[in-house]
Amino acid sequence: VLLTVIVSSFVDSVRSHVQLTDSRQAREKAAALADAGVYRAIYELLTATSAGGRWEADGQPYLFEVGGGKVKAAMVNDSAFIDLNNASAKLLQGLFESVGVEAGKAQSLVDAIEDWRDPDDLPRLSGAERDQYLAAGLKQVPANADFRTVDELKAVYGMTPAIYDKVKDALTVYSKAVGFN
């Protein structure tokens, strides 16, 4: 019986090790395919062909196979998006109104966004700083710094999932531009 328990334990240990190895190999292959997609996209973006068939940064997906894996790569020019950290209040107001947010609510969101990214704890007229977040029972408070991701916008005072879903695809935090192309 003791020998059976020892052998069973050993078999389970080997099985777990094999599964971990398989999982690690799958992750490594996925990372290599992702790298291949990035490098191929850069190459295709910079290479002019006689037929004029180079890839464009227009969001169009390009499919190719490499190393036994399939890769789908798409390039988008970041200047085509509104930078959440550098956009003017007027541009953000226009974005919210363009997706159907009422002007007063849009202004409140813009003020809350500006309060999130400014370094002080003084709320704008219809914005919100730490005290307003805590009074509303919100766990996350303004960073008083730039947004690190667009996803962070979900935590802004007054932001709803419906509004976020309408504007998220128009935003970036990487372009560093005041406007958009």
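For clarity, every value in this text was computed on a predicted model and none was experimentally measured.
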Problem - Carboxylate-amine/guanidinium proximity below 4.0 Å for Arg54 and Glu56 - result: yes
Practice task
Would you confirm whether Ser23, through its side chain, and Gln19, through its main-chain N or O, come within 3.5 Å as a donor-acceptor pair?
Solution key: no
Practice task
For residues Lys154 and Pro161, determine if any side-chain heavy atom of one lies less than 4.5 Å from a side-chain heavy atom of the other.
Solution key: no
Exercise for the section: Please report the shortest heavy-atom distance between Asn86 and Ala177, naming the atom on each side. Expected result: CB-O, 3.4 Å
Exercise for the section: Provide the closest heavy-atom pair for Glu129 versus Gln132 in the form atom of the first, atom of the second, distance. Expected result: N-OE1, 2.9 Å
Exercise for the section: Would you indicate whether the side-chain heavy atoms of Val173 and Arg148 approach each other to under 4.5 Å? Expected result: no
Practice task
Check whether any side-chain heavy atom of Leu33 sits under 4.5 Å from a side-chain heavy atom of Val66, and report yes or no.
Solution key: yes
Practice task
Could you check if a side-chain atom of Asp151 sits within less than 4.5 angstrom of a side-chain atom of Tyr164, using non-hydrogen atoms only?
Solution key: yes
Handout entry: Val150 reachable from Val99 in the ILVMFWY side-chain graph, under 4.5 Å edges
Key = yes
Exercise for the section: Ignoring hydrogens and angles, tell me if any N or O in the side chain of Gln93 forms a donor-acceptor pair with the backbone of Ala103 under 3.5 Å. Expected result: yes
Practice task
Decide yes or no on side-chain contact (heavy atoms from CB on, under 4.5 Å) for Ile82 and Thr172, but give the supporting numbers first.
Solution key: CA-CA 6 Å; Ile82 296 170; Thr172 187; over 6 Å; no
Handout entry: Closest contact, heavy atoms only, Leu95 versus Ala170
Key = CD1-CB, 4.0 Å
Problem - Close side-chain approach of Leu171 to Phe81, heavy-atom, < 4.5 Å - result: no
Handout entry: Whether Thr47 side chain and Tyr43 backbone form a donor-acceptor pair below 3.5 Å
Key = yes
Exercise for the section: Could you list the residues that satisfy salt bridge (charged side-chain N to carboxylate O under 4.0 Å, His left out) with Glu114, not counting sequence neighbours? Expected result: Arg117, Arg124
Handout entry: Student check: side-chain heavy atoms of Val76 and Asp58 closer than 4.5 Å
Key = no
Exercise for the section: Please tell me if the side chains of Val110 and Lys90 come closer than 4.5 Å, counting only heavy atoms from C-beta onward. Expected result: no
Exercise for the section: Answer yes or no: is there a side-chain heavy-atom contact under 4.5 Å between Ile113 and Phe96? Expected result: yes
Exercise for the section: Locate the shortest heavy-atom distance separating Phe64 from Ala73; write the atom from each residue and the value. Expected result: CE2-CB, 4.4 Å
Practice task
Would you please name every residue forming a side-chain hydrogen bond (donor to acceptor under 3.5 Å, both in side chains) with Asp165, sequence neighbours left out?
Solution key: none
Problem - Any residue meeting side-chain contact (heavy atoms from CB on, under 4.5 Å) with Lys105, in chain and number order, not counting sequence neighbours - result: Val101, Glu102, Leu109, Ile163
Practice task
Please list, chain by chain and in numerical order, all residues satisfying side-chain hydrogen bond (donor to acceptor under 3.5 Å, both in side chains) with Arg24, sequence neighbours excluded.
Solution key: none
Handout entry: Leu125 atom CG: more than 12 heavy-atom contacts under 6.0 Å
Key = no
Completion exercise
Correct closest heavy-atom pair for Ala112 and Val156 would be CB-CG1, 3.6 Å
Practice task
Start with the C-alpha distance between Met159 and Leu153, add both sets of side-chain angles, then the distance that settles side-chain contact (heavy atoms from CB on, under 4.5 Å), and finish with yes or no.
Solution key: CA-CA 7 Å; Met159 182 58 63; Leu153 182 62; 3.7 Å; yes
Completion exercise
Sequence neighbours excluded, the answer for ring pair (Phe, Tyr, Trp, His ring centres under 6.0 Å) partners of Tyr62 is Trp55
Exercise for the section: May I ask whether Tyr174 and Val178 are part of the same hydrophobic cluster, defined by side-chain heavy atoms of I, L, V, M, F, W, Y residues being less than 4.5 angstrom apart, directly or through others? Expected result: no
Exercise for the section: For residues Gly59 and Ala74, report the shortest heavy-atom separation together with the two atoms involved. Expected result: O-CB, 3.7 Å
Problem - Ser126 side chain to Asp111 side chain, donor-acceptor N/O pair below 3.5 angstrom - result: yes
Problem - Heavy-atom donor-acceptor pair, Gln107 side chain to Gly104 backbone, under 3.5 Å - result: no
Handout entry: Expected output: side-chain Asn85 to main-chain Phe147 donor-acceptor under 3.5 Å
Key = yes
Could you tabulate the donor-acceptor pairs under 3.5 Å formed by side-chain atoms of residues 133-146, not counting sequence neighbours?
unit_1 : atom_1 : unit_2 : atom_2 : d
Tyr133 : OH     : Tyr157 : N      : 2.8
Asn144 : ND2    : Asp120 : O      : 3.4
Asn144 : ND2    : Asp121 : OD1    : 2.8

